Colleague: 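Have a look at this one before I ask anything.
Scope of the values below: all heavy atoms of this structure, side chains included, with no hydrogens, waters or symmetry mates. Quantities reported herein were computed from a predicted structural model and do not represent experimental measurements. Numbers restart at 1 for each chain; the letters A, B, ... are given by sequence-line order, proteins then strands.
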Amino acid sequence: MDKFTQLTGIAAPMPLVNIDTDMIIPKQYLKTIKRTGLGIHLFDEMRYTLDGAETPDFILNQPAYREAEILIAGDNFGCGSSREHAPWALLDFGIRCVISTSFADIFYNNCFKNGILPVVLPQEAVDILMDDASKGANARISVDLETQTVTSSDGQVFEFEVDPFKKHCLMNGLDDIGLTLEKVSAIDAFEATAQTRFPWA
Amino acid sequence: MTAPTTLYDKIWDAHLVENAADGTALLYIDRHLVHEVTSPQAFEGLRLAGRTVRCPEKTIAVPDHNVPTTEGREKGIENEESRIQVDELDKNARDFGIHYYPVSDIRQGIVHIIGPEQGWTLPGMTIVCGDSHTATHGAFGALAHGIGTSEVEHVLATQTLIQRKAKNMKVEISGKLPPWVTAKDITLSVIGATGTAGGTGHVIEYCGEAIRELSMEGRMTVCNMAIEGGARAGLIAPDEKTFAYVKGRPHAPKGAAWEAAMAWWKTLKSDDGAHWDKVVTIRAEDIAPVVTWGTSPEDVLPITADVPDPASFPGGKAGAAKRSLDYMGLKPGMKLTDIAIDAVFIGSCTNGRIEDLRAAAGVLRGRRLAPGVRGMVVPGSGLVRAQAEEEGLAQVFLDAGFEWRLAGCSMCLGMNPDQLAPGERCAATSNRNFEGRMGRGGRTHLMSPVMAAAAGVTGRLTDIRELMTAPADA
Ligand code: SF4
């Protein structure tokens with residue numbers, strides 16, 4: 001997993017609420033056996049017409065936002081199914097940070113496992129950043145995980161909260177598996193006890 | 001004296017490898033079930049990192065979501081992407097030495113049906129699968145829930161899961177169910193009462209006389225839909241019925257191990273005075289045969305009701321109800337029993353077990369599908385299918401005009417060719433009525449197997465109680 005420490009980039013405004021995982025990546029793309037390559041299908045139904053042409057007014061099709069690395073989105077982003085294909089598609093497109101007033105639980109967790117930082121900020125802050133992002137490619141927004149701050153293009157700073165364990169993993173690019181494997185002796189010990197307690201399991 | 005605890009507390013405590021001060025726990029996993037859609041990337045991750053499966057003997061894989069349900073499928077799946085996904089599972093199972101039931105094996109079926117059937121699912125265990133309906137296994141008093149693909153990889157590599165403990169919720173169904181009211185009506189009615197977010201952040205334990213009275217199949221139906229109520233897991237304390245179901249299954253303990261297991265299993269119940277964060281009580285007598293009318297499992301009403309008026313819903317829900325009715329092509333105020341259907345689907349991990357097929361066949365014996373209605377029965381596993389054939393149920397379905405398919409998820413999610421056409425309306429025994437779930441533009445009404453069979457016979461949503469008191473015309 002790639003580390004996330006600091007990012008300054010173009011932010012695309014998506015003021016829709018309840019952007020669900022089906023919108024992020026529809027079910028016909030769940031047949032893949034890869035984590036990669038889903039970027040072209042990100043927001044498939046909003047992004048393309050039925051014959052596969054780009055929908056010109058969709059935000060990520062506009063010249064200013066084609067290189068966006070940050071999404072500023074409405075409330076309850078990532079609701080719906082548990083498909084990890086949703087963060088995979090975002091990452092594959094190049095999105096490393098999503099800022100919203102709230103996220104669906106599983107999606108939020110899935111982001112951290114894929115090097116994406118989901119940032120929860122109050123409505124007023126999201127509104128300001130949404131306006132900022134609407135200015136186009138010159139309005140670069142900065143996100144700093146170390147200091148837990150988001151800075152708008154004109155220098156306004158917003159602080160955010162993040163679980164210390166998740167922060168640690170993301171900043172160091174650690175995957176949970178690597179960390180858990182450091183505790184392998186505890187797992188060995190558990191298994192040894194279980195072997196006498198629950199020998200049938 | 002130790003403080004009284006719930007069944008969930010007990011299973012949780014028995015599986016704690018480590019509990020950090022910040023509430024992050026490492027939980028040991030006894031059984032890991034794997035299917036083809038959510039696992040390829042996890043195995044790829046293992047390979048890239050040079051890791052192995054820690055406990056292949058506790059890992060069980062089966063293809064179910066993508067597989068066609070028509071004969072000849074073991075020769076290869078026509079749809080290329082589906083075929084690759086299933087081939088990949090074949091290869092991963094082989095390479096990592098995990099238990100595997102390919103489509104050519106009679107034991108193949110929906111992952112949540114074959115786990116219990118093969119005796120992998122046992123009381124007091126922790127069970128996970130990259131699939132939200134893992135909650136089904138809670139019927140055995142096992143802590144079972146769905147996980148994401150990164151977590152699948154984590155469990156493969158470490159046999160543990162990083163978790164935070166959920167809250168305890170009790171759902172009590174008191175008294176006795178009226179005739180023709182089934183486990184499906186219980187579980188849908190609970191969601192109707194508590195909403196799709198009613199169980200969010202909780203593990204639900206179902207209890208009460210009506211739950212005790214249910215067969216194991218019925219209990220699985222109830223726990224299966226805990227997730228539709230927002231809870232990650234549903235639980236039912238194991239009892240004599242549980243032990244009788246488990247005993248003699250291929251992977252159940254035998255001899256002295258059985259005795260040792262029983263000694264622990266008998267302690268698996270919530271103590272009097274245990275703390276519940278939330279309690280919901282419903283009288284079984286108040287539950288009617290129900291159907292869903294909208295596109296959320298909480299859009300549920302007794303079959304005797306009318307389609308609701310969106311204006312009657314509070315605040316933000318009015319818009320959602322209107323959108324639902326538009327999608328479903330229904331008008332407020334029409335009787336639910338006036339809704340004509342095009343298709344009947346009997347199957348899925350909710351209602352694809354032998355008891356469900358017996359119940360549906362019981363209604364269909366001597367009756368036929370109404371003209372123009374297509375019916376499909378998809379047994380939950382190859383063994384359920386074989387047993388249904390042996391009991392003569394398959395013939396009943398065929399005589400009634402149904403298609404008799406091979407085991408798999410099938411139309412429940414329409415990832416294989418079994419799909420509804422746009423606008424087609426289906427009486428279904430599955431668990432999700434989302435827009436497009438059974439095929440783009442398809443309309444799903446969730447209900448019990450007897451209600452689905454009844455709808456097939458009359459060609460419209462039907463009160464099973466009325467059909468069964470009317471004389472059968474063959
Ligand atoms: S039958 Fe339906 S709900 Fe059950 S596992 Fe298969 S797709 Fe999921």
Colleague: Is it the backbone or the side chain of B/A252 that comes under 4.5 Å from a heavy atom of chain A, or both, or neither?
Modeller: neither
Colleague: Could you grab the distance from atom CZ of B/R83 to atom CG of B/N66, nearest 0.5 Å is fine?
Modeller: 12.0 Å
Colleague: Output the option from B/A14, B/G201, B/G124 having the highest count of non-hydrogen pairs under 4.5 Å with chain A.
Modeller: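 Between B/A14, B/G201, B/G124, the count favours B/A14.
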Colleague: Show the atom names and distances, to 0.1 Å, of all donor-acceptor pairs under 3.5 Å that link a side chain in residues 182-190 of chain A to residues at least two apart or in another chain.
Modeller:
from: A/K183; atom 1: NZ; to: B/E18; atom 2: OE1; distance (Å): 3.2
from: A/D188; atom 1: OD1; to: B/R54; atom 2: NH2; distance (Å): 2.7

Colleague: Tell me whether B/D95 is salt-bridged to B/R47, with the criterion being a basic N under 4.0 Å from an acidic carboxylate O.
Modeller: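 Judged by the 4.0 Å cut-off on N to carboxylate O distance, B/D95 and B/R47 do form a salt bridge.
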Colleague: Out of B/E88, B/H154, B/E81, which one racks up the most heavy-atom pairs below 4.5 Å with chain A?
Modeller: B/H154
Colleague: Okay, side chain of B/T158, backbone of B/T160: is any donor-acceptor separation there less than 3.5 Å?
Modeller: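 Checking the backbone N and O of B/T160 against the side chain of B/T158, a donor-acceptor pair under 3.5 Å is found.
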Colleague: Strictly distance-based, threshold 3.5 Å: is any side-chain N or O of B/H99 a donor or acceptor partner for the main-chain N or O of B/A61?
Modeller: no
Colleague: Under 4.0 Å between a Lys/Arg side-chain N and an Asp/Glu carboxylate O for B/E153 and A/R35?
Modeller: yes
Colleague: With no hydrogens and no angle check, is any side-chain donor or acceptor of B/R249 less than 3.5 Å from a backbone partner on B/Q118?
Modeller: no
Colleague: Tell me, for A/R83 versus chain B, whether the close heavy atoms (under 4.5 Å) come from the side chain, the backbone, both or neither.
Modeller: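 Neither part, no heavy atoms under 4.5 Å.
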Colleague: Do any of residues 165-177 of chain A have a heavy atom less than 4.5 Å from a heavy atom of chain B, and if so, which, in residue order?
Modeller: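 Result: A/F165, A/D175, A/D176, A/I177.
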Colleague: Below 4.5 Å from any heavy atom of chain A, which atoms of B/R432 appear? Answer side chain, backbone, both or neither.
Modeller: neither
Colleague: Please classify the contact between B/K58 and chain A as side chain, backbone, both or neither, with a heavy-atom cut-off of under 4.5 Å.
Modeller: side chain
Colleague: Angle between ring planes, A/W200 versus B/W264, binned at 30° and 60°: parallel, tilted or perpendicular?
Modeller: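 Tilted: the ring planes of A/W200 and B/W264 meet at 30° to 60°.
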Colleague: Verify side chain to side chain donor-acceptor pair (under 3.5 Å) between A/D132 and A/S153, making sure each step is shown before the conclusion.
Modeller: CA-CA 7 Å; A/D132 197 25; A/S153 64; 2.5 Å; yes
Colleague: Relative to chain A, which segment of B/S150 carries a heavy atom at a distance below 4.5 Å: side chain, backbone, both, or neither?
Modeller: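 Both parts, heavy atoms under 4.5 Å.
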Colleague: Could you have a look at B/L122, B/T38, B/L26 and say which one has the most heavy-atom pairs with chain A under 4.5 angstrom?
Modeller: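 Of the options given, most contacts go to B/L26.
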Colleague: Taking NZ, NE, NH1 and NH2 as the nitrogens, is one of them in A/K34 or B/E44 under 4.0 Å from a carboxylate oxygen of the other?
Modeller: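 Between B/E44 and A/K34 there is a salt bridge, with a charged N closer than 4.0 Å to a carboxylate O.
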Colleague: Check whether A/T193 gets within reach of chain B through its side chain, its backbone, both or neither, counting any heavy atom under 4.5 Å.
Modeller: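 Contact with chain B is absent: no heavy atom of A/T193 under 4.5 Å.
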Colleague: Measure distances from B/D131 to the heavy atoms of chain A and classify the residue's part below 4.5 Å as side chain, backbone, both or neither.
Modeller: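 No part of B/D131 comes within 4.5 Å of chain A.
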Colleague: Just by modelled atom types, is the B/F43 backbone N or O under 3.5 Å from a matching donor or acceptor in the B/N92 side chain?
Modeller: no
